[in-house]
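All ligand and atom numbering here is 1-based and tracks the order in the structure. Sequential numbering from 1 along the given sequence is applied to the chain's residues.
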Amino acid sequence: MQKVAKLVIDGKELMLPVVEGSEGEKAIDIRSLRQETGYITFDPGFGNTGTCRSAITYMDGEKGILRYRGIPIEQLAENSTFVETAFLLITGQLPTREELTRTSVYLNDFSPLHENMKAFYQNYPPKAHPMGILSAMVNAMRSFYPELIDLEEEMNKTYLRLISKIRTMAAMAYRISLGERVVYPRPDLCYCANFLNMMFDNVVVPYHVDDDLVRALNVFWILHADHEQNCSTTAVRVVGSGKVNIYSTISAGISALWGPLHGGANQAVVNMLEDIHKKGLTVKDCIAKAKDKKDPFRLMGFGHRVYKTYDPRAKIMKKMGDIILSKIKRKDPLLDIAQRLEEAALKDSYFKEKNLYPNVDFYSGIVLRAMGIPTNMFTVMFAIGRLPGWIAQWKEDVSDPEMKISRPRQIYTGQQERDYIPIDDRE
Ligand code: ACO
């Protein structure tokens with residue numbers, strides 16, 4: 001029997017259907033609410049609002065569970081590659097050997113960039129943030145690769161074109177910002193190795209591709225590949241709902257990711273740790289500052305809208321950090337500060353009461369630093385990883401018969417009707 005929720009308002013009774021997900025989450029379907037009662041719901045930040053049905057990612061913030069298409073993140077991080085995980089997210093299934101080979105061939109074919117696109121980078125001011133460059137470049141792809149045919153096979157190629165080229169664009173942005181020669185993709189290298197090579201190969205010191213770093217990069221990107229209806233994915237769904245092309249939609253996702261409360265947090269964490277190190281602040285000072293409501297300081301990399309326990313990705317990332325740092329035999333003073341901060345925050349009543357645990361960004365910055373990735377590229381690294389998730393969510397959205405253009409309502413709190421005053425009569 002269809003479960004319903006009863007709402008009584010202004011003496012009127014309304015039966016609202018209950019929607020249930022495959023893992024038992026429940027929602028009240030309020031689509032008839034305004035029409036029946038004249039009321040809307042009020043939920044800034046959408047903390048209590050389900051905007052879609054989705055079969056891509058499941059997370060349970062209380063239990064610290066994250067699964068892509070049903071597969072636990074721990075198993076994917078242990079056994080999968082980023083390309084395989086991207087295939088899983090977009091198609092819903094793990095690829096067969098043949099499908100994986102075909103995917104790799106396409107990724108290879110699509111890896112070079114249109115030569116004219118380089119002009120975009122070359123004309124950017126030298127200190128431009130690579131996230132700004134990347135979102136502009138992805139938007140520009142609509143003009144450089146206009147063939148967007150609706151056939152599924154062609155769309156699959158568009159997804160792979162995006163996944164392949166975003167990596168080339170990101171590395172190119174970095175090289176140009178250094179004033180160095182652009183390194184072209186190599187057909188003999190896998191997705192992650194190719195990226196590292198394009199970033200770091202040098203005529204004087206050829207880059208040696210290290211298998212452990214390649215594995216770490218695979219894991220980093222797997223952990224970031226999707227996270228259900230977060231800020232940037234919501235941006236992708238909202239922008240995509242207007243039926244804009246996929247490149248512009250993804251470009252909007254990149255812009256949303258840039259903010260320090262979202263994807264920009266990994267850069268913000270390292271900036272914070274560097275600042276603490278430079279100023280010689282104690283862990284106690286930092287915890288006190290984070291708790292002081294008059295101080296804008298927040299412990300970056302702590303807290304999450306959904307996770308109210310340890311972010312499962314943070315655990316994997318922390319382990320990865322230990323492996324990479326022991327391999328490169330470097331003691332990172334920032335890691336030491338991070339560990340002491342984590343220990344102190346986890347014991348502190350403020351953090352305990354508010355369920356503030358380390359999120360993935362708390363350790364991802366340390367891993368990226370150890371890999372030699374410059375700080376201003378951190379959020380770009382996140383964007384490359386999140387791309388398959390954005391594509392999967394966009395694809396699900398545009399093919400969902402229930403979806404409509406996103407157009408929320410508001411509670412207007414401004415002036416009531418008043419007359420226009422000619423300029424000479426104004427006080
Ligand atoms: N340091 C200190 N206090 C914090 C922190 C923090 N990092 N995070 C939350 N709080 C406090 C808030 O001040 C608030 O206190 P109050 O109830 O007394 O007002 C309470 O905890 C709840 O915080 P909100 O900001 O209301 O929670 P929300 O769900 O809106 O925000 C967010 C979540 C943005 C992640 C927040 O915890 C934060 O700013 N963290 C630091 C930035 C960060 O690490 N972002 C990365 C998120 S993960 C990702 O996007 C990949």
Side-chain angles (χ1 to χ4, degrees), residues 43-49 57 59 61-62 64 66 68 73 131 219-236 253-273 275-276 281 283-318 334 337-338 341-368 375 378-390 393:
D43 185 22
F46 311 131
N48 297 282
T49 299
T57 289
M59 59 189 286
E62 272 73 36
L66 176 63
Y68 298 159
I73 192 68
M131 278 300 273
V219 173
F220 176 88
W221 277 336
I222 289 170
L223 297 184
H224 285 82
D226 196 49
H227 216 221
E228 52 120 300
Q229 308 314 316
N230 55 82
C231 173
S232 56
T233 301
T234 301
V236 163
I254 294 172
S255 300
L257 188 74
W258 194 356
L261 295 190
H262 187 22
N266 54 14
Q267 178 171 346
V269 169
V270 169
N271 290 342
M272 173 189 78
L273 294 173
D275 211 39
I276 295 171
L281 292 176
V283 164
K284 212 170 141 200
D285 294 336
C286 301
I287 299 284
K289 273 166 78 61
K291 285 163 38 174
D292 181 356
K293 292 284 171 219
K294 286 190 214 105
D295 192 324
F297 179 84
R298 272 195 170 194
L299 207 49
M300 299 312 287
F302 261 75
H304 198 276
R305 171 60 62 81
V306 180
Y307 290 124
K308 298 303 165 202
T309 181
Y310 227 106
D311 178 342
R313 303 165 303 166
K315 284 188 195 159
I316 302 168
M317 196 65 82
K318 183 177 181 184
L334 299 198
I337 296 172
L341 265 181
E342 181 191 345
E343 226 169 84
L346 290 177
K347 279 192 214 140
D348 191 278
S349 56
Y350 172 95
F351 286 83
K352 276 201 224 164
E353 275 156 27
K354 294 186 188 299
N355 291 321
L356 299 171
Y357 290 85
N359 57 51
V360 68
D361 291 317
F362 195 65
Y363 282 101
S364 66
I366 303 281
V367 169
L368 293 174
T375 314
F378 285 7
T379 315
V380 168
M381 299 299 287
F382 190 159
I384 301 173
R386 183 54 54 86
L387 179 58
W390 288 331
Q393 302 268 353

**Request:** Answer whether the closest heavy-atom distance between the side chains of Glu343 and Val283 falls below 4.5 Å.
**Result:** no
**Message:** I'd like to know if the side chain of Arg386 reaches the main chain of Gly263, judged simply by a donor and an acceptor atom lying under 3.5 Å from each other, with no hydrogens or angles considered.
**Reply:** no
**Prompt:** Taking the six-membered ring for Trp, is the centroid-to-centroid distance between His227 and Tyr307 below 6.0 Å?
**Reply:** yes
**Prompt:** Would you say the side chain of Tyr357 lies within less than 4.5 Å of the side chain of Leu346, judging by non-hydrogen atoms?
**Reply:** yes
Please produce the table of protein N or O atoms sitting under 3.5 Å from N or O atoms belonging to ligand 1, one pair a line, distance to 0.1 Å.
from, atom 1, to, atom 2, distance (Å)
ligand 1, 1 (N), Leu299, N, 3.1
ligand 1, 3 (N), Tyr350, OH, 2.9
ligand 1, 7 (N), Leu299, O, 2.7
ligand 1, 7 (N), Phe302, O, 3.0
ligand 1, 13 (O), Lys293, NZ, 2.9
ligand 1, 13 (O), Arg298, NH2, 3.2
ligand 1, 15 (O), Lys293, NZ, 3.1
ligand 1, 17 (O), Lys354, NZ, 3.4
ligand 1, 18 (O), Lys293, NZ, 3.1
ligand 1, 18 (O), Lys354, NZ, 2.8
ligand 1, 25 (O), Arg298, NH1, 3.1
ligand 1, 25 (O), Arg298, NH2, 3.1
ligand 1, 29 (O), Arg305, NE, 2.8
ligand 1, 30 (O), Arg305, NH2, 2.9
ligand 1, 39 (O), Arg298, NH1, 2.7
ligand 1, 40 (N), Phe302, O, 2.9
ligand 1, 44 (O), Gly301, N, 2.8
ligand 1, 44 (O), Asn359, ND2, 2.9
ligand 1, 45 (N), Leu261, O, 3.2
ligand 1, 50 (O), His262, ND1, 3.0

**Message:** On a heavy-atom basis, which atom in Met300 and which in Pro260 lie closest, and how many Å separate them?
**Reply:** CE-O, 3.4 Å
**Message:** Is any side-chain heavy atom of Asn266 closer than 4.5 Å to one of Thr379?
**Reply:** yes
